[in-house]
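The structure appears below as C-alpha cells.
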Amino acid sequence: MKIQSSRIARMAALLALVGFAASCGLPRAGPTKREIYAGSVQRQGDAFIVSVNDRVTRATAVVPALGFSTAFQNAGQVGSDTIRPGDTLGLTIYENVDDGLLAATGTNATMLEEVQVDGAGFVYVPYAGRIRAAGNTPEAIRRLITEKLADQTPDPQVMVRRVAGDGATVSVTGAVTSQGVFAIERPTRTLSAMLARAGGVTVEPEIARVRVIRGSETGEVWFSDLFEDPRADIALRGNDRILVEADTRSFTALGATGSQSRVRFDTQTISAIEAIAQVGGLSTTSADPTGVFVLRNEPVEIASQVLGRTDLLGTQRMVYVLDLTEPNGLFMARDFVIRDGDTVYVTEAPFAQWSKVLSALTGSVSAVGGIAGAVDTFSGSD
C-alpha cells in the first residue's frame with residue numbers, strides 16, 4: 001500500500017511539473033511565426049503580411065532620391081575675373097613725369113597693395129575718385145582708372161590685379177578635413193574642387209552625403225555621384241554653404257541572429273541577406289530560416305502597388321516574409337532592399353522552443369526525484 005502511494009505521489013508531482021512547464025512562458029527572442037501571422041489584417045490585425053517575390057521586390061526597391069534641381073545644375077561657373085563686393089584689388093599706377101600726382105619724389109610708380117571693393121561695389125582711387133568695380137573685370141577697371149587719370153597726368157599706365165578677398169566665398173563644414181570659409185577661385189569653382197580644397201571628406205566616401213544650401217534652396221547628393229555624374233558637380237556661387245555628413249540611415253536586427261542591435265548603413269543600398277550577414281547571420285542553433293520578417297511602415301503609394309489595392313489611406317504597416325529554404329529564397333533575400341527604419345526579425349524554430357521545454361523538464365525531473373524521495377521518507381516514518 002505504501003509503495004502504491006509513493007508511485008501515485010511521484011506521478012502527481014511529475015504531471016504537475018509538466019503542466020507547469022507547458023503553461024509557463026519560456027524565455028525566447030520574440031514572437032513566433034504563428035503569432036506574427038495572427039496579427040495580420042486577414043485575421044483582424046493591423047498589419048499586412050506579404051510574401052516576397054520578384055514583383056514585391058521591384059515595387060519596394062526605393063532608395064533615397066538625392067540630387068540637385070535644375071536651378072543648381074543650370075547655374076554657370078563664376079568667372080574667375082569678375083570682381084564682387086568684398087574682393088581686394090592691387091593697383092600699380094605709372095606716370096610719365098618725374099613729379100607725378102601719386103608717385104613719390106624720384107619715382108614714377110605708385111603701388112596700392114590692397115584696395116577693397118566696398119559693399120556698393122566701388123573702390124576709391126586718389127585723383128580718379130570712386131570707380132565702379134563690382135561686375136567688371138580687372139581689365140575693365142584698368143581702363144576706367146586710366147580714363148579718369150588721363151585728364152590730370154600725361155599718359156598714365158595702370159595695372160589692376162585681383163587679390164584674394166572676401167567677395168565670392170563659400171563655407172565648408174561637417175565631415176571634411178579642414179572646415180572654413182574659402183574663396184571661389186579659378187581652381188575651386190565647382191563643388192568637387194572646393195571639397196578637395198577643404199582636404200576631402202573624412203567619412204567613407206560610399207556613405208558621404210553632400211548638401212549645398214543656396215539662399216532658400218537646398219540640394220543634396222552622394223559624394224560618389226560628384227565623380228560619376230557630371231551634372232552633380234555643380235558650379236558654386238558666393239555665400240553657398242556646403243555641409244558634408246555621413247549617412248544616418250539604420251535598421252534594427254532582432255530575434256535568432258548572431259547579434260541583436262541597431263545597425264547603420266555602410267553602403268548606399270543594403271539587401272536583406274547583407275543585413276542578416278552584418279549581424280552575424282542566422283543563429284545555427286535556434287533560427288527558423290522559413291521565418292525571416294522585415295517590418296516596415298510603408299508609404300501608401302508603395303503599399304497600394306504591393307497589395308494591388310486602391311482603397312488604402314495613409315502609411316501602412318507591412319510585414320514582408322522571406323523563406324530562405326525555398327529554391328530561390330536566397331536570391332529573393334539578396335534582391336530585397338532594406339530601408340531606413342526597417343526591423344529585420346528572425347523567428348526561432350519550433351525545435352528551439354521544444355528544446356527549452358525539454359531542458360526545463362530535465363531539471364524538473366530531478367526535482368521530482370527529490371520530491372518523491374521526500375515523500376518516501378515521510379511515508380516510511382509513519
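Side chain of R189 to backbone of I184: no donor-acceptor contact under 3.5 angstrom is found. Although no hydrogens or angles enter the test, the distance criterion places a donor-acceptor pair under 3.5 Å between the side chain of T60 and the main chain of V56. Between the Q316 side chain and the L313 main chain, a donor and an acceptor come within less than 3.5 Å of each other. At distances below 3.5 Å, at least one donor-acceptor pair connects side-chain atoms of R264 with backbone N or O atoms of D247. The main-chain N or O of V263 is never found under 3.5 Å from a side-chain atom of S261 such that the two would form a donor-acceptor pair. The backbone N or O of T70 lies less than 3.5 Å from a partner atom in the side chain of N74, making a donor-acceptor pair. Using modelled atom types, one side-chain atom of E35 and one backbone atom of T32 make a donor-acceptor pair closer than 3.5 Å. Y345 contributes a side-chain N or O that, together with a main-chain N or O of P31, makes up a donor-acceptor pair within less than 3.5 Å. Without hydrogens or angle criteria, D233 side chain to L191 main chain gives a donor-acceptor distance under 3.5 Å. Between the E95 side chain and the P156 main chain, no donor and acceptor come within less than 3.5 Å of each other.
Other residues sharing the hydrophobic cluster of L66, ordered by chain and number and joined by side-chain separations under 4.5 Å: W222. The hydrophobic cluster containing M159 also includes Y94, under a criterion of side-chain heavy atoms closer than 4.5 Å among ILVMFWY residues, counted directly or through chains of members. Through direct or indirect side-chain contacts shorter than 4.5 Å among Ile, Leu, Val, Met, Phe, Trp and Tyr, V203 is connected to no other residue.
Residues passing the salt bridge (charged side-chain N to carboxylate O under 4.0 Å, His left out) test with R197: none are found, sequence neighbours excluded. Evaluation of the side chain to side chain donor-acceptor pair (under 3.5 Å) rule for R211 yields E245 as partners, not counting sequence neighbours. Residues meeting the ring pair (Phe, Tyr, Trp, His ring centres under 6.0 Å) test with Y127, sequence neighbours left out: none. Residues satisfying the salt bridge (charged side-chain N to carboxylate O under 4.0 Å, His left out) criterion with D266, sequence neighbours excluded, are absent altogether. Every residue was checked against the ring pair (Phe, Tyr, Trp, His ring centres under 6.0 Å) condition with F251, not counting sequence neighbours, and none meets it. The side chain to side chain donor-acceptor pair (under 3.5 Å) search around D335 returns none, not counting sequence neighbours. Partners of D118 under the side chain to side chain donor-acceptor pair (under 3.5 Å) rule, at least two apart in sequence or in another chain, are R130. Under the side chain to side chain donor-acceptor pair (under 3.5 Å) criterion, D155 pairs with Q157, sequence neighbours left out.
How far OG1 of T347 is from CG of D288: 4.0 Å, rounded to the nearest 0.5 Å. Note: I141 CD1 to L89 CG = 5.0 Å, rounded to the nearest 0.5 Å. Note: N297 CG to R339 CZ = 10.0 Å, rounded to the nearest 0.5 Å. Taking CG of L243 as the reference point, atom OG of S171 lies at 9.0 Å (rounded to 0.5 Å). One distance of note links CZ of F336 with CG of L322; it measures 6.5 Å at 0.5 Å rounding. Atom CG of L144 and atom CD of E139 lie 10.0 Å apart (nearest 0.5 Å).
Checking each of L324, L254, L282 against V346 for a side-chain contact (heavy atoms from CB on, under 4.5 Å) leaves exactly one that passes, namely L282. Checking V321, V337, D342, V319 one by one against V294, the side-chain contact (heavy atoms from CB on, under 4.5 Å) holds for a single residue, D342.
R132 and N136 get closest at one heavy-atom pair: O-ND2, 2.9 Å. Q73 approaches F68 most closely through the heavy-atom pair NE2-O, 3.1 Å. Nearest heavy atoms, S178 versus F182: O-CZ, 3.5 Å. In terms of heavy-atom proximity, I49 sits nearest to S40 at CD1-CB, 3.6 Å. Across every non-hydrogen atom of T57 and M332, the tightest pair is OG1-SD, 4.4 Å. Of all the heavy atoms in A133 and V123, the pair that sits closest is CB-CG1, 4.1 Å.
Residues T267 and E274 bring no donor and acceptor atom of their side chains to less than 3.5 Å of each other.
Ring geometry for F227 against F223 counts as perpendicular: the plane angle is over 60°, on a 0 to 90° scale with 30° as the lower cut.
Side-chain contact check for R249 versus I207: every heavy-atom pair is 4.5 Å or farther apart. When side chains are defined from C-beta on, V279 does not count as touching V344, because their heavy atoms never get closer than 4.5 Å. Residues V212 and M194 fail the side-chain proximity criterion, which asks for heavy atoms closer than 4.5 Å. Side-chain contact between V125 and K148 is absent, with no heavy atoms from C-beta onward closer than 4.5 Å.
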- [ ] Any chance you could lay out the side chain to side chain contact (heavy atoms under 4.5 Å, CB included) test for I242 and L236, step after step, and finish with the verdict?
- [x] CA-CA 10 Å; I242 303 170; L236 297 176; 4.1 Å; yes

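A continuous path of hydrophobic side-chain contacts links L112 to V117 [ILVMFWY only; heavy atoms under 4.5 Å]. Under a hydrophobic-cluster definition in which Ile, Leu, Val, Met, Phe, Trp and Tyr are linked whenever side-chain heavy atoms come within less than 4.5 Å, directly or via other members, L307 and V300 are assigned to the same cluster. I213 is not connected to V201 by any chain of hydrophobic side-chain contacts under 4.5 Å among Ile, Leu, Val, Met, Phe, Trp and Tyr, and they are in different clusters. Linking ILVMFWY residues whenever their side-chain heavy atoms come closer than 4.5 Å, directly or via other members, leaves V160 and M111 in distinct clusters. Linking ILVMFWY residues whenever their side-chain heavy atoms come closer than 4.5 Å, directly or via other members, places L312 and M318 in the same cluster.
Annotation: E204, atom CD; neighbour count of heavy atoms from other residues, nucleotides and ligands within 6.0 Å does not exceed 12. Annotation: R161, atom CZ; neighbour count of heavy atoms from other residues, nucleotides and ligands within 6.0 Å is above 12. The environment of CZ in R142 is crowded: more than 12 heavy-atom neighbours from other residues, nucleotides or ligands sit within 6.0 Å.
Within the structure, every pair that satisfies the side-chain hydrogen bond (donor to acceptor under 3.5 Å, both in side chains) test and touches residues 318-332, not counting sequence neighbours, is listed here: E298-Y320, D323-T325.
Contact check on R143 versus E147 returns no salt bridge, with no Lys/Arg side-chain nitrogen under 4.0 Å from an Asp/Glu carboxylate oxygen.
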